[in-house]
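Just so you know, these numbers come straight off a predicted model, no measurement behind them.
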Amino acid sequence: MNEEQLHLMRHSLAHITAAAVQRLWPEAKFGVGPVVDNGFYYDIDLGETKISETNFAKIEKSMRGIIEYGDAFEKIEMPIDEAIKWAQENNQPYKEELLNDLKRAGTTIAKDLDMSEIGVATDGQSAIETVTFYKNGRFMDLCRGPHLASTKEAGVFKLMRVAGAYWRGKETNPQMQRLYAVAFATQVELDEYLERLEQAKLRDHRKLGKELDLYTLSPLVGAGLPLFTPRGTMLREAVGQYSNQLRQAYGFQKVWTPHITKKDLYETSGHWEKFGEELFLVTSQETSDSFVLKPMNCPHHGQIFSSRARSYKDMPVRYLETTTVYRDEKTGELGGLNRVRAITQDDSHVFCTTDQIQSEINNLLACASELYATFEMPLRVRLSYRDDGPAYLGDKALWGSAQAQLKSAVIANNMNYFEQEGEAAFYGPKIDFMATDAIGREHQVATVQLDFVQPGRFGLEYVDNEGNTKTPVMIHCALLGSIERFLSVFIEHTGGWFPFWAAPEQIRILTINDTVSDYVSEITTILDGIVLDKPISYNEIRYTVDDRNESLGKKIREATNWKLPVQLIVGQKDKDAREISVRTQAGEEKIKLTDLADYIQKI
RNA sequence: GCCGCUGUAGCUCAGAUGGUAGAGCGGCGCUUUCGUAAAGCGUAGGUCUCCGGUUCAAUUCCGGACAGCGGCUCCA
């Protein structure tokens, strides 16, 4: 079955799902039922009644009945006004809204519609004459089609879950229930898909985070506030230090700013107005000032920039700071390390002239590419442009040229990109780097954002070569993004098998009995003296010695379960031969004690 | 925040139409010094997430809170 047929089949199954739901709950009001990756969903409103997973067996049974019966999919063409009347008479208000949009604008696609009149009826000219419906059995649905000839041709499916979903994606609209299903041509393919899902769960960072003892969550501390164990701290510091050292090599200087600030700072920046509800407030018993926990660092870095007179000769000024910011995210959005309320950003800000924008963007893209190449993580780049909504600030022409510069930089760097309208920050267009987690969900990691608003708001300035006062452009950039989120993706990407340089415990020496302790000391002396150069220079090999009175098999099993990059096995035979048995994921080999330092250096 | 699901020992899980609960691993103790993914025996761990309600009796039923999961919305 090709992609097109599969799509057709999944779409028809969405109708069959709706037909089954209508059979079981005749009062059901239907939204939309599109095809998605691996399956489809249908949005349904049953009023007070709620579908839960306990109803799935009954719905699936009804669907199988419909498939077995083999209703034909019948195409019906209907004048638009007659269709609207049908929706009213059959108590299908959501379909009525869609039909209103079709009549008024000829489309139901939200981004092509004027939001102020979405779903609103019109008496005027129709944009279109007729609409098509598809009917299978007693169920009839507004639909462009095409469909299978008969329900009998539907493949295998499985209802997966039910979730809330706002009608047309608007929070102020009623919430419907979204019934998700997967569907394939054959049972074998469905089983394979479910098996892949099971495999992916083994790489879930929340599962590995517990198994590998990386972080923990405590209800006493609060949701979205992860606590990092010694191993997890080692990991986050390794990647954080790499990010810092890399950016220093690309011309950035470290700065430091406090974690609380007067709220005035964000009123000036514009963040208070836009994100006020998500700021944690801090009360002072000493002064009447209102403080907040900082949700980001750009205004602080701007204050450092403006602390001295700046000449064009100083530009660009590049600051970096890895620090934790706090955002009161909605509780329902929190999850694992991916979305937290204490967010450690490897944040940086460039202050430059408009002439320097292009080269600074290139500098940052090169830096990000180098970093993700080290992690061997493929990324997709998202170019986010402006929406014309009132929430966005700044000069429109400047936005336009900046967007063009971002795009040409991305193309020049040969990056895999896609464009998205309306995702820009309120102060400027941006480039986001998207990484994929274990089950295929994309998450933003690195970001490069142009800002034409904040420098002006804070009165930042420099003097150009003619003695004129100018406003600099600001470029925000985080490479890892949020270290917490980065780790969530990194853990799933590696399955917990971290590269040697980032592994919390890099080497474990496993002894066979207690006759080799002097030989173990010889080995540790070598390890202690090694200086590594990849990907950053450091001189601390993180090793432990497992000399417990346990079987070698058990020691190997445990070290493997901890996903240690290197196991060094030593017994009397190795000691006599001045050798070490080295066990890695690739297999096992014997090396000379004198070759150990070299061997480690080359990992 | 909203919709649905979930919460039993440190971990993974079992269990009873309402009569206060078990296994494996891990921990601890003893024995064992053993060469490639779990040595043997013994032993201690639980307000069955928390707070209310119903009941002679609640871990089990009902309500609420907290937390986790899947989505929606949001994401500076």
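- Applying the 4.0 Å criterion to OP1 and OP2 of B:G1, one finds that A:T331 has a side-chain N or O inside that range.
- Looking at heavy-atom distances under 4.0 Å, A:K50 makes contact with sugar-phosphate atoms alone, never a base.
- Figure legend. B:G46 is base-paired to no nucleotide; pairs are counted as Watson-Crick or G-U wobble with both atom distances under 3.5 Å.
- In this structure, A:R441 reaches the B:G71 phosphate: one of its side-chain N or O atoms is under 4.0 Å from OP1 or OP2.
- Taking the P atom of each, B:C13 and B:C51 are spaced 26 Å apart, rounded to whole Å.
- Here the separation of B:A44 from B:C5, taken at their P atoms, is 40 Å to the nearest Å.
- In this structure, A:Q444 reaches neither bases nor backbone, as no heavy-atom distance under 4.0 Å exists between it and the strands shown.
- Ring geometry for A:H271 against A:Y266 counts as perpendicular: the plane angle is over 60°, on a 0 to 90° scale with 30° as the lower cut.
- Under the Watson-Crick or G-U wobble criterion, with both distances below 3.5 Å, B:A16 is left unpaired in every strand shown.
- Here the P atom of nucleotide B:C72 and the CZ atom of A:R161 are 9 Å apart, to the nearest Å.
- Judged by distance alone, the side chains of A:H476 and A:D451 do bring a donor and an acceptor atom under 3.5 Å apart.
- The residue A:S581 sits close to a base: some heavy atom pair falls under 4.0 Å.
- Across all strands shown, nothing is found opposite B:A21 as a Watson-Crick or G-U wobble partner with both distances under 3.5 Å.
- Backbone-only contact: A:Y180 has heavy atoms under 4.0 Å from sugar-phosphate atoms and none from a base.
- Rounded to whole Å, the separation between the P atoms of B:C50 and B:G35 comes to 48 Å.
- Ring-to-base geometry does not place A:Y427 in a stacked arrangement with B:A76 (centre distance under 5.5 Å, plane angle under 30° required).
- Relative ring orientation between A:F486 and A:F490 is described as parallel, the plane-to-plane angle staying below 30° on a 0-90° scale split at 30° and 60°.
- Side-chain N/O atoms of A:R206 include one lying less than 4.0 angstrom from OP1 or OP2 on B:G70.
- Looking at A:R341, A:R327, A:R339 one by one, the single match for salt bridge (charged side-chain N to carboxylate O under 4.0 Å, His left out) with A:E333 turns out to be A:R339.
- Partner assigned to B:C69 is B:G4, using Watson-Crick or G-U wobble distances below 3.5 angstrom.
- Backbone-only engagement by A:G553 is indicated by non-hydrogen atom pairs under 4.0 Å involving sugar-phosphate atoms exclusively.
- Glycosidic conformation, B:G45: syn, with the torsion inside 90° of 0.
- Pairing of B:G63, defined by two Watson-Crick or G-U wobble distances under 3.5 Å, is identified with B:C51.
- Using a 4.0 Å heavy-atom cutoff across all strands shown, A:Q177 reaches sugar-phosphate atoms only and no base atom.
- Nucleotides B:G19 and B:C62, compared at atom P, are 16 Å apart to the nearest Å.
- For the pair A:E550 and A:K555, the salt-bridge criterion is not met [side-chain N within less than 4.0 Å of a carboxylate O].
- An OP1 or OP2 oxygen of B:G4 is reached within less than 4.0 angstrom by no side-chain nitrogen or oxygen of A:S52.
- Looking at A:D574, its side chain comes within 3.5 Å of the base of B:G35 through a donor and an acceptor atom.
- The CH2 atom of A:W562 sits 16 Å away from the C1' atom of B:A38 (whole-angstrom rounding).
- Residues A:E278 and A:K330 are not paired through a salt bridge, judged by the lack of any N-O separation under 4.0 Å between the basic side chain and the carboxylate.
- B:U32 atom P lies 19 Å from atom CG of A:D547, rounded to whole Å.
- Base contact: A:A163 has a heavy atom under 4.0 Å from a base atom.
- Taking the C1' atom of each, B:A58 and B:C48 are spaced 11 Å apart, rounded to whole Å.
- Of the inter-residue distances, the one linking A:F252 atom CZ with A:Y319 atom OH reads 12.0 Å to the nearest 0.5 angstrom.
- Between the CE atom of A:M176 and the P atom of B:C72 there is a distance of 15 Å, rounded to whole Å.
- A:E588 comes within 4.0 angstrom of a base, heavy atoms only.
- Separation of the A:F452 and A:Y427 ring centroids does not fall under the 6.0 Å cut-off.
- Base pairing of B:G26 is not made with any nucleotide, judged by Watson-Crick or G-U wobble geometry with both donor-acceptor distances under 3.5 Å.
- For B:U33, there is no paired base (Watson-Crick or G-U wobble, both distances below 3.5 Å).
- For the pair A:L220 CG and B:U49 C1', the computed distance is 11 Å after rounding to whole Å.
- In this entry the distance linking CG of A:L217 with P of B:U6 reads 21 Å, nearest Å.
- At the heavy-atom level, A:K590 lies under 4.0 Å from base atoms of the strands shown.
- Residue A:R178 has no polar side-chain atom (N or O) positioned under 4.0 Å from OP1 or OP2 of B:C3.
- Within the 4.0 angstrom heavy-atom criterion, no nucleotide atom of any strand lies near A:K207.
- You'll find a donor-acceptor pair under 3.5 Å spanning the side chain of A:E278 and the base of B:A76, going by distance alone.
- Look at A:K170 and you won't find any side-chain N or O under 4.0 angstrom from OP1 or OP2 of B:C72.
- Across all strands shown, A:E550 has heavy atoms under 4.0 Å from base atoms, whether or not it also approaches the sugar-phosphate.
- With hydrogens and angles ignored, no donor-acceptor pair closer than 3.5 Å exists between the side chain of A:R557 and the base of B:U36.
- Aromatic ring pairs are classed by plane angle as parallel below 30°, tilted from 30° to 60° and perpendicular above 60°; the pair A:F351 and A:F305 is parallel.
- Remark: the A:E558 side chain and the A:N561 side chain contain no N/O donor-acceptor pair separated by less than 3.5 Å.
- Close to B:C75, at under 4.0 Å from its OP1 or OP2, lies no side-chain N or O of A:K330.
- B:G7 and B:U49: their P atoms are spaced 8 Å apart (whole Å).
- Comparing the P positions of B:G40 and B:U32 gives an interatomic distance of 16 Å, to the nearest angstrom.
- Here the P atom of nucleotide B:C75 and the CG atom of A:L337 are 22 Å apart, to the nearest Å.
- A close approach under 4.0 Å does occur between a side-chain nitrogen or oxygen of A:K554 and OP1 or OP2 of B:G26.
- Across the C1' atoms, B:G18 and B:U54 are found 12 Å apart, a figure rounded to whole Å.
- As rounded to whole Å, 15 Å separates atom C1' of B:A76 from atom CG of A:D328.
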